[in-house]
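Have a look at the structure below, then the notes.
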Amino acid sequence: MARTGKGRPSGPNHSIEQLLASKEIAIFCGSGGVGKTTTAAAAAAMVASRQGGKVLVLTVDPARRLASALGLEGFGNVEKQVPRATFEAAGVSPKGELWAAMLDTKQSWDNLVRRHAPDEATARRILENPLYQNISGRFVQSHDYIAMERLYEIHTEGNYDLVVVDTPPTRNAIDFLEAPQRMAEFFSSRFLRMITAPARSRFMNLATRPFYQVADRILGSQLLEDIAEFFILFQTMYDGFVERADAVERLLLDQRTTFLVVTTLESAPAHEAQYFIGALGERSFHLGGLILNKVLPPVFLDDAARSTAERLGEDPQAVAEALPAELGPTDQVARVLTEVAESYERFHVMAQREAEQRAELAVDPEVTVTVPYFDSDIHDLAGLLRLGEAIWS
């Protein structure tokens with residue numbers, strides 16, 4: 001059940017199909033509300049269906065939109081296979097397997113502590129620390145860091161031919177990319193040394209004494225002790241954090257990894273996409289694809305179609321009189337024709353704006369694809385595969 005194209009050298013790609021055939025990690029990014037989660041799932045479903053192999057879609061977006069579309073109940077940190085029967089119900093006999101997982105921040109942190117603590121006793125003290133129990137799922141960079149940790153873990157285990165990652169909305173996705181390095185920097189920061197200094201020594205220097213006295217009045221001695229113990233224990237894993245941060249960065253820069261930006265051509269999401277494309281370039285990450293969702297059909301930019309609409313609007317009464325009488329009273333038909341002509345012109349203006357936005361965004365990616373509006377919401381695997389067909393070739 002080998003996946004088509006696995007291990008093929010990375011080079012110029014001309015479709016999403018070719019792009020994903022040559023990669024092991026595909027990271028989908030974009031602002032909220034542009035269909036990023038659905039598009040990532042659709043791409044993963046297409047790879048499992050058409051190219052074979054074992055494909056995982058990992059969502060780190062806190063919004064749980066993926067399960068219902070895949071027909072999964074209660075999926076979480078542990079990967080769960082989309083039943084073959086679900087594909088067959090959609091009229092497809094897949095060549096491979098599709099799996100899905102939702103990041104469980106608390107469970108992932110617990111697993112990380114057990115894996116990287118220097119010994120079992122230290123791991124137990126960290127897990128039992130009141131501060132750790134309260135904030136392990138919520139403190140700054142926690143969710144972003146553990147997402148990268150989980151991605152690295154899954155990739156190094158080697159159980160999947162392709163891992164498709166659905167990231168948080170765009171600005172947060174930058175934090176997602178930088179989280180490993182920021183976490184490593186935090187554990188070596190001056191602020192952390194000031195927090196932990198009193199617990200490490202009975203003596204405070206002149207620089208830390210004012211800070212500690214103010215913190216003691218605001219937080220209380222016991223909480224300060226819990227904080228200090230928590231970070232002192234966590235610093236025993238510092239080397240592991242630094243090593244993993246470097247390994248994650250190498251993985252993201254590897255030719256086996258690609259990024260795909262998903263957006264609509266509305267003003268705000270398009271600007272966010274432009275920002276993120278620039279951020280990827282600054283960091284030398286591979287921008288493989290730009291997927292433009294909910295784009296107006298080409299007919300609204302067709303010169304012949306616009307000429308027809310203009311003629312309808314110029315003399316709708318004459319056109320109505322030339323049409324069969326069974327369509328209705330001439331005045332009524334003329335009003336409809338006028339509305340059609342005016343509506344077309346409005347959509348033509350919108351389509352021109354979309355074309356301008358698309359031209360600005362499509363400078364850097366290897367592949368740019370457009371996806372039209374769908375008549376109904378995507379709520380099952382059949383809908384995902386229909387979307388997948390739209391982006392595939």
Under a 4.0 Å N-O cut-off, is there an ion pair linking Arg50 with Glu389?
-> yes
Going by atom types alone, do Asn293 and Thr264 pair a side-chain donor with an acceptor below 3.5 Å?
-> no
Using modelled atom types only, decide if a donor and an acceptor are shared between the side chain of Arg283 and the backbone of Ala279 within a distance under 3.5 Å.
-> yes
For Glu345 and Arg306, run salt bridge (Lys or Arg N to Asp or Glu O under 4.0 Å): C-alpha distance rounded to whole Å, both residues' side-chain angles, the deciding distance at 0.1 Å, then the answer.
-> CA-CA 8 Å; Glu345 185 59 29; Arg306 190 185 184 200; 2.9 Å; yes
Check whether the side chains of Asp119 and Thr122 place a donor and an acceptor atom closer than 3.5 Å, and report yes or no.
-> yes
Show your reasoning for whether salt bridge (Lys or Arg N to Asp or Glu O under 4.0 Å) applies to Glu339 and Arg335.
-> CA-CA 6 Å; Glu339 187 65 34; Arg335 286 197 300 272; over 6 Å; no
Using a distance-only test with no angle check, is there a side-chain donor-acceptor pair under 3.5 angstrom linking Arg256 and Ser22?
-> no
Salt bridge between Glu354 and Arg358, side-chain N to carboxylate O under 4.0 Å?
-> no
Joining Ile, Leu, Val, Met, Phe, Trp and Tyr whenever any side-chain heavy atoms lie under 4.5 Å apart, the cluster holding Leu296 also takes in Val299, Phe300, Tyr344, Phe347, Met350, Tyr373
Val261 side chain reached by Ile291 side chain, heavy atoms, under 4.5 Å | no
Could Arg115 and Glu153 be called an ion pair, given the rule that one side-chain N must be under 4.0 Å from one carboxylate O?
-> yes
Would you confirm whether Asp254, through its side chain, and Thr257, through its main-chain N or O, come within 3.5 Å as a donor-acceptor pair?
-> no
Pair Glu366-His286, side-chain donor/acceptor within less than 3.5 Å | yes
Using a strict 4.0 Å threshold on nitrogen-to-oxygen distance, state whether Lys36 and Glu272 make a salt bridge.
-> no
With no hydrogens and no angle check, do the side chains of Glu24 and His155 hold a donor and an acceptor under 3.5 Å apart?
-> yes
Given the rule that I, L, V, M, F, W and Y join up when any side-chain heavy atoms are under 4.5 Å apart, are Leu301 and Val371 in one cluster?
-> no
Aromatic rings Tyr160 and Trp99: how do their planes relate, parallel, tilted or perpendicular, breaks at 30° and 60°?
-> perpendicular
